Asker: 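Got a structure for you, questions after.
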Amino acid sequence: MIDWLLETDTLRDFLQHLVAEAVAASAADGCGVTVQHSSRPLTVVSTGGVADKLDEKQYGQDDGPCLQALRTGEIVHVPDMLEESRWASYPRFAASLGVRSALSVPIPVRSHTAGALNFYAVDPDAFTEEDRHALAFSAAQAGGAIALAQRLADAEEFTRDLQSALASRRMIDQAVGVVMQQRQCAEEEALDLLRRLSQQTNLKLHDACRRLLTGITGRPPTPQPPLRPRP
């Protein structure tokens, strides 16, 4: 998996490579990768031609083997769509597209993003016990990559939040200094005056300070330079 991660530029590219390899090494004729974030499932990559249609059918009726695997964390095996009675009209819809069997494998949850790999085949009883173990391994690899991408995204969001907090603190300090100079008062008294200004104007403290500084200088405060790693 590390080699594939190094060879691909994005998580989507990695997952596309992963499912292509999994399909080629099994009885599957295609696969769709479903990821659920903020309670909304979506297909991030697919292969084989009809995976998107199969996934959208499940999303539309809020039920199906892929969603069941995602929600329960258990593998869902469909030997023959024509003999399947679960999930309302989904099995007949899949059969109408030429899909007779399916295997939905949950992506192990390692972050706040859940998911599943939905493999399908044109033949009934296409997925052997060996296939199930191999495709479960593919799902584990997908889970590792998604968790890594999520951690990187969370770290980037944390950095942005920290930069914003530092910029707000700098603006508040500037406003405190201005009030201290104008009122010839101590720092705590100046900060108390700014807090009262915040309450009176129904603005957050940093927004009230921004307005004050803009009114005095005629221009918005200079933003703080972004954080940069030390060399």
Side-chain angles (χ1 to χ4, degrees), residues 10-147 149-150:
T10 66
L11 175 62
R12 185 184 296 271
D13 290 340
F14 170 80
L15 293 175
Q16 193 74 62
H17 189 164
L18 178 70
V19 298
E21 290 287 330
V23 167
S26 70
D29 291 297
C31 175
V33 180
T34 294
V35 170
Q36 179 169 286
H37 191 61
S38 300
S39 301
R40 179 176 177 269
L42 70 156
T43 303
V44 290
V45 299
S46 63
T47 183
V50 299
D52 288 341
K53 294 179 181 179
L54 293 171
D55 289 346
E56 286 302 323
K57 175 67 173 178
Q58 295 182 72
Y59 305 158
Q61 65 181 38
D62 194 33
D63 199 12
C66 185
L67 294 180
Q68 182 174 323
L70 183 153
R71 292 164 178 169
T72 64
E74 298 178 355
I75 292 177
V76 178
H77 181 215
V78 184
D80 191 347
M81 290 291 180
L82 293 181
E83 297 179 1
E84 182 59 65
S85 58
R86 294 173 290 180
W87 314 302
S89 61
Y90 174 78
R92 292 291 174 181
F93 175 78
S96 72
L97 295 179
V99 173
R100 290 290 299 275
S101 56
L103 184 70
S104 296
V105 186
I107 294 173
V109 178
R110 303 183 187 181
S111 65
H112 44 274
T113 300
L117 275 61
N118 194 34
F119 296 94
Y120 62 86
V122 298
D123 295 325
D125 297 305
F127 297 102
T128 64
E129 189 69 26
E130 184 178 349
D131 283 331
R132 296 178 213 175
H133 287 298
L135 297 179
F137 179 68
S138 297
Q141 290 182 305
I146 291 171
Q150 190 67 63

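Just so you know, these numbers come straight off a predicted model, no measurement behind them.
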Asker: Can you tell if the side chain of P41 reaches within under 4.5 Å of the side chain of L67, non-hydrogen atoms only?
Answerer: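 Result yes, sub-4.5 Å side-chain heavy-atom pair found.
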Asker: Kindly check if the number of other-residue, nucleotide or ligand heavy atoms within 6.0 Å of CZ (R71) is above 12?
Answerer: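 It does: R71 CZ has more than 12 such atoms within range.
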Asker: Salt bridge between D80 and R100, side-chain N to carboxylate O under 4.0 Å?
Answerer: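 Answer for the salt bridge query: yes.
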Asker: Please work out which of the three classes, parallel, tilted or perpendicular, describes the rings of Y90 and W87, given edges at 30° and 60°.
Answerer: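 The arrangement is perpendicular - the two ring planes meet at more than 60°.
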Asker: Enter the distance from T34:OG1 to D55:CG here, rounded to the nearest 0.5 Å.
Answerer: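 The OG1 atom of T34 sits 4.0 Å away from the CG atom of D55.
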Asker: Which heavy atom in Q58 sits nearest to a heavy atom in P65, and how many Å separate them?
Answerer: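 Residues Q58 and P65, closest heavy atoms: OE1-N, 3.1 Å.
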Asker: Restricting to non-hydrogen atoms, name the atom on H77 and the atom on A102 that form the minimum distance, rounded to 0.1 Å.
Answerer: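 Closest approach of H77 to A102: CD2-O, 3.5 Å.
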Asker: Taking it one step at a time, do D52 and T43 satisfy side chain to side chain donor-acceptor pair (under 3.5 Å)?
Answerer: CA-CA 7 Å; D52 288 341; T43 303; 4.6 Å; no
Asker: How long is the gap from CE on M81 to OG on S96, to the nearest 0.5 Å?
Answerer: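 It is 10.5 Å, given to the nearest 0.5 Å.
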Asker: With E129, which residues qualify under salt bridge (Lys or Arg N to Asp or Glu O under 4.0 Å), at least two apart?
Answerer: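 For E129 the salt bridge (Lys or Arg N to Asp or Glu O under 4.0 Å) partners, ignoring immediate neighbours, are R132.
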Asker: Pick out which of D29, V50, D123, V122 makes a side chain to side chain contact (heavy atoms under 4.5 Å, CB included) with V99.
Answerer: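 Result: among D29, V50, D123, V122, V50 is the only option passing the side chain to side chain contact (heavy atoms under 4.5 Å, CB included) with V99.
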Asker: Between Y120 and L54 (side chain of the first, backbone of the second, donor and acceptor by atom type, cut-off under 3.5 Å), is there such a pair?
Answerer: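 No.
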Asker: To the nearest 0.5 Å, what is the distance between CG on L103 and SG on C66?
Answerer: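 Here the interatomic distance stands at 10.5 Å.
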Asker: Who passes salt bridge (Lys or Arg N to Asp or Glu O under 4.0 Å) against D125, sequence neighbours left out?
Answerer: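 Residues passing salt bridge (Lys or Arg N to Asp or Glu O under 4.0 Å) with D125: none at all.
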Asker: Identify the heavy atoms of P79 and S101 that sit nearest to each other, and give their distance.
Answerer: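 In terms of heavy atoms, the two residues are closest at O-CB, 3.2 Å.
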Asker: Where is the tightest heavy-atom contact between A27 and A121, given as atom of each residue plus distance?
Answerer: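 Minimum heavy-atom separation between A27 and A121: O-CB, 3.7 Å.
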Asker: If you count the non-hydrogen atoms of other residues, nucleotides and ligands that lie under 6.0 Å from NZ in K57, is the total more than 12?
Answerer: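 More than 12 heavy atoms, drawn from other residues, nucleotides or ligands, come within 6.0 Å of this atom.
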Asker: So, taking the atom named SG in C31 and the one named CG in N118, what distance separates them when rounded to the nearest 0.5 Å?
Answerer: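 Reported to 0.5 Å precision, the distance equals 7.0 Å.
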Asker: Is the shortest side-chain heavy-atom distance between I75 and P106 below 4.5 Å?
Answerer: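 Side-chain contact under 4.5 Å: yes.
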Asker: Closest approach of L82 and A95, non-hydrogen atoms and distance?
Answerer: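 For L82 versus A95, the nearest heavy atoms are CD2-CB, 3.6 Å.
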